[in-house]
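A short write-up of the structure that comes next.
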Amino acid sequence: MKSGRTVGAILLAKSGDVAVFGPLSDPRLGAMVLERKWFAEVKRRRIGTLSIDGQHYTVFCVPTDAGEVLLFNTGVDDALATFLTTVDFAYDALAGLIDDPDCAMTVIDREGHLAYVSPRHQAFFETDPQAGLGGSARDIIGNTQLDRVLGTGVAERGDVQNLHGVSRPISRLPVMQEGKVVGAIGRIALNAPEEIEGLTLRINELERDVAFFRRLAGTGQATISGEEALAGNSEGARRVRMDAAKAGPLGSPVLIRGEAGTDVAQVAYAIHRTGPRRDGAFTVVNAAALPSSMLEIELFGCDPGAIAGADAKASKGALERANDGTLFIEEIAALSLRHQELLLDALYKREVVRIGAASGRKSDFRLIAATAKNLHGLVEKGQMLPAFLDRISPVVIDVPPLRARLEDLPDLLSDFLKTAALRHHHAMPDVAEDVLPFLKGQAWPGNDLEMRQAVERAFVVGDGETMRMVDFVPRRGRVRAVDAAVAPKGSGLHAATDALGMDLIYDALERCGGNKKKAAAQLGISRSYLYKRLAEARP
């Protein structure tokens with residue numbers, strides 16, 4: 001498309017004087033300017049046409065402080081001329097395209113110099129309105145690829161370019177004059193429609209993953225660190241492992257979100273092990289397990305005599321113990337507003353002030369927090385400081401509940417069994433075919449922790465050779481009273497007594513960590529009788 005060339009201009013001054021610039025020798029052009037009806041129409045539309053003796057002109061009306069300037073152009077492309085002359089609001093349409101708030105535009109000349117940037121978007125491109133134009137586009141817009149089309153002359157549509165950490169759709173169009181490339185126009189969608197926005201978010205995620213694996217390949221590591229973060233091959237488990245591996249080397253605070261019982265502590269430890277503070281201490285504080293006054297001492301420490309009844313010696317808090325290491329706070333939502341302020345201050349200043357102390361001590365640690373609560377909801381209720389939430393959550397990892405990754409059960413069962421066998425110095429038992437279907441049929445409201453405890457309990461009450469479904473059947477726990485629930489209805493006193501005796505046996509085994517000799521001693525029965533009762537209870 002040809003935009004034509006300007007062959008001259010006429011200034012109609014506010015005083016009524018007319019001045020001609022350029023090779024506009026035909027006096028009739030000046031006369032047309034004075035033709036009120038024609039001039040009024042051109043002034044209204046800002047664009048007009050004029051033909052004299054077969055010469056066609058496209059006229060642009062530009063208002064200035066001195067008056068109206070009419071620019072006369074010849075050789076305008078037929079399509080453009082048709083648009084300009086037939087669309088009553090052609091000037092406004094072009095202005096809207098050039099200064100679209102949702103689509104930034106840049107123009108470079110044949111030398112790759114920046115010729116134009118849509119004014120409202122200069123801050124986005126980080127250009128100086130005065131010094132930016134005329135300079136090298138690559139120097140001004142660091143990662144621009146607009147000059148690429150100068151060499152190829154081929155339009156690039158539907159490409160994606162990363163700008164300020166966000167991928168955005170971009171089009172690059174060459175500008176042609178007489179078959180030669182004289183410049184290029186770039187249009188970048190800043191506010192993409194929802195479907196494009198979703199695509200760009202996914203592209204951003206994939207680009208980050210690719211960048212991560214490239215860095216990983218450069219280190220010579222064969223596998224992803226953080227593999228121990230969460231067992232299993234489900235999509236959820238793989239995502240947690242990858243997120244933990246990527247978060248580890250960053251060194252920034254991490255917020256782990258997961259329901260009660262999910263293995264957030266293991267994820268936190270995996271991040272610590274792959275981070276820059278891996279050689280430092282991994283200090284754990286369960287904020288929900290301590291009353292507020294005790295929690296403050298546990299976190300920040302206490303100077304001698306600062307609190308009545310406290311130890312006469314100075315007490316280091318978790319923040320001090322975690323210096324040069326990692327502080328993991330379970331259920332960060334349990335911190336009071338005062339605790340949040342103190343912890344926020346410690347994170348900023350990298351020092352902690354013990355209770356009763358006049359000065360601070362070095363406290364440079366990495367914070368990893370976990371919660372099962374909606375922290376944004378707590379902010380809305382005034383129970384959490386917005387600045388505190390922002391500070392603890394630059395990186396967020398979501399751990400899915402066990403019910404969302406049942407395909408991981410075989411791996412979890414194997415891991416938990418290995419742990420139980422090591423703890424009890426026992427060989428790994430076989431697993432009967434009915435165990436996994438039974439486990440997959442459970443709701444697991446307590447998530448990984450509930451399953452871990454179930455496996456431990458089944459290991460303890462089993463025969464040590466083969467784990468069966470019956471070993472997982474929930475027991476009644478602590479004995480409160482003999483009632484109709486102890487044995488099937490109508491089974492009689494003898495059956496109820498037998499059932500109650502088995503409950504006592506199971507309780508004793510749990511208390512003794514599966515040690516049958518100790519359990520028998522506590523119950524006042526022989527080991528042979530204990531083995532006999534356990535054998536009778538199995539199908």
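Treat the numbers as computed from the prediction; the structure is a model and nothing was measured.
Ring pair F282/Y269 is perpendicular by interplanar angle, where above 60° counts as perpendicular and below 30° as parallel. Ring geometry, F459 versus H426: the interplanar angle exceeds 60°, so the pair is classed perpendicular (tilted spans 30 to 60°).
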message: Could you go through F365 and N323, starting from their C-alpha distance and side-chain angles, then the distance that decides it, and tell me whether this counts as side chain to side chain contact (heavy atoms under 4.5 Å, CB included)?
response: CA-CA 5 Å; F365 58 89; N323 184 41; 5.9 Å; no
message: Walk me through whether R148 and E156 qualify under salt bridge (Lys or Arg N to Asp or Glu O under 4.0 Å).
response: CA-CA 10 Å; R148 188 166 60 196; E156 298 178 357; 2.8 Å; yes
- request: Dump the intermediate steps for salt bridge (Lys or Arg N to Asp or Glu O under 4.0 Å) on E259 and K373, then the final yes or no.
  value: CA-CA 8 Å; E259 293 181 4; K373 297 184 181 298; over 6 Å; no
task: Run the numbers on S234 and E407 for side chain to side chain donor-acceptor pair (under 3.5 Å), then give the verdict.
output: CA-CA 6 Å; S234 66; E407 61 192 280; 5.1 Å; no
Side chain to side chain contact (heavy atoms under 4.5 Å, CB included) between K316 and R354, worked out: CA-CA 8 Å; K316 275 188 178 183; R354 293 177 183 172; 3.5 Å; yes
Working for side chain to side chain contact (heavy atoms under 4.5 Å, CB included), residues V399 and D263: CA-CA 8 Å; V399 180; D263 221 344; 6.0 Å; no
- prompt: Would L412 and R405 satisfy side chain to side chain contact (heavy atoms under 4.5 Å, CB included), going step by step from the backbone distance to the final call?
  reply: CA-CA 11 Å; L412 292 175; R405 50 188 185 89; 4.0 Å; yes
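Closest approach of A333 and L375 over heavy atoms only: CB-CD2, 3.8 Å. Closest approach of G248 to P276, counting heavy atoms only: O-CD, 3.5 Å. In this structure, I397 and A247 approach most closely via the heavy-atom pair CD1-CB, 4.3 Å. A pairwise comparison of heavy atoms in V267 and A244 identifies CG1-CB, 4.4 Å as the closest pair. The two residues R277 and D324 come nearest to each other via the heavy atoms NH1-CA, 3.5 Å. Shortest non-hydrogen contact noted between K246 and P249 is O-CD, 3.5 Å.
L402 places none of its side-chain heavy atoms less than 4.5 Å from the side chain of T262. Between L255 and V395 the shortest side-chain heavy-atom distance does not fall below 4.5 Å. Two residues are said to be in side-chain contact when any heavy atoms from C-beta on lie closer than 4.5 Å; I392 and I368 fail this criterion. The shortest side-chain heavy-atom distance between K362 and E351 does not fall under the 4.5 Å cut-off. Using a 4.5 Å heavy-atom cutoff, the side chains of L342 and L344 are not in contact. Counting only heavy atoms from C-beta outward, the side chains of D430 and M467 never approach each other to under 4.5 Å. Side-chain contact check for M451 versus W444: some heavy-atom pair is nearer than 4.5 Å. Residues Q383 and L337 fail the side-chain proximity criterion, which asks for heavy atoms closer than 4.5 Å.
Atom CG in D364 sits 12.0 Å away from atom CZ in R366 (nearest 0.5 Å). For the atom pair CG (D434) and CG (L439), the distance works out to 9.5 Å, reported to the nearest 0.5 Å. The structure places CG of L367 at 8.5 Å from CG of L319, a figure rounded to the nearest 0.5 Å. The distance from the CG atom of D448 to the CG atom of L230 is 6.0 Å, given to the nearest 0.5 Å. Atoms CZ and CG, from R350 and D345 in turn, are 13.0 Å apart once rounded to the nearest 0.5 Å. Between atom CD of residue E298 and atom OG of residue S293 there is a gap of 12.0 Å, rounded to the nearest 0.5 Å.
D243 and R239 are joined by a salt bridge, as a carboxylate oxygen and a charged side-chain nitrogen come within less than 4.0 angstrom of each other. The pair R468-E433 does not meet the salt-bridge criterion, since no charged nitrogen lies less than 4.0 angstrom from a carboxylate oxygen. Ion pairing between E296 and R338 holds under the 4.0 Å rule for side-chain N and carboxylate O. Salt bridge status for D279 with R273: absent, with no side-chain N to carboxylate O gap under 4.0 Å.
Summarising the local packing, CZ of R391 is surrounded by more than 12 heavy atoms from other residues, nucleotides or ligands at distances under 6.0 Å.
N447 contributes a side-chain N or O that, together with a main-chain N or O of A260, makes up a donor-acceptor pair within less than 3.5 Å. Not a single donor-acceptor pair under 3.5 Å links the side chain of R187 to the backbone N or O of S171. A donor-acceptor pair is defined here as one N or O able to donate and one able to accept, closer than 3.5 Å; such a pair exists between the side chain of T274 and the backbone of A270. A distance-only check finds no donor-acceptor pair linking the side chain of S414 to the backbone of P410 [under 3.5 Å]. In terms of modelled atom types and a separation under 3.5 Å, the side chain of E331 and the main chain of A288 share no donor-acceptor contact.
In summary, the side chains of E320 and S363 do not present any donor paired with an acceptor at a separation below 3.5 Å, with no hydrogens or angles considered.
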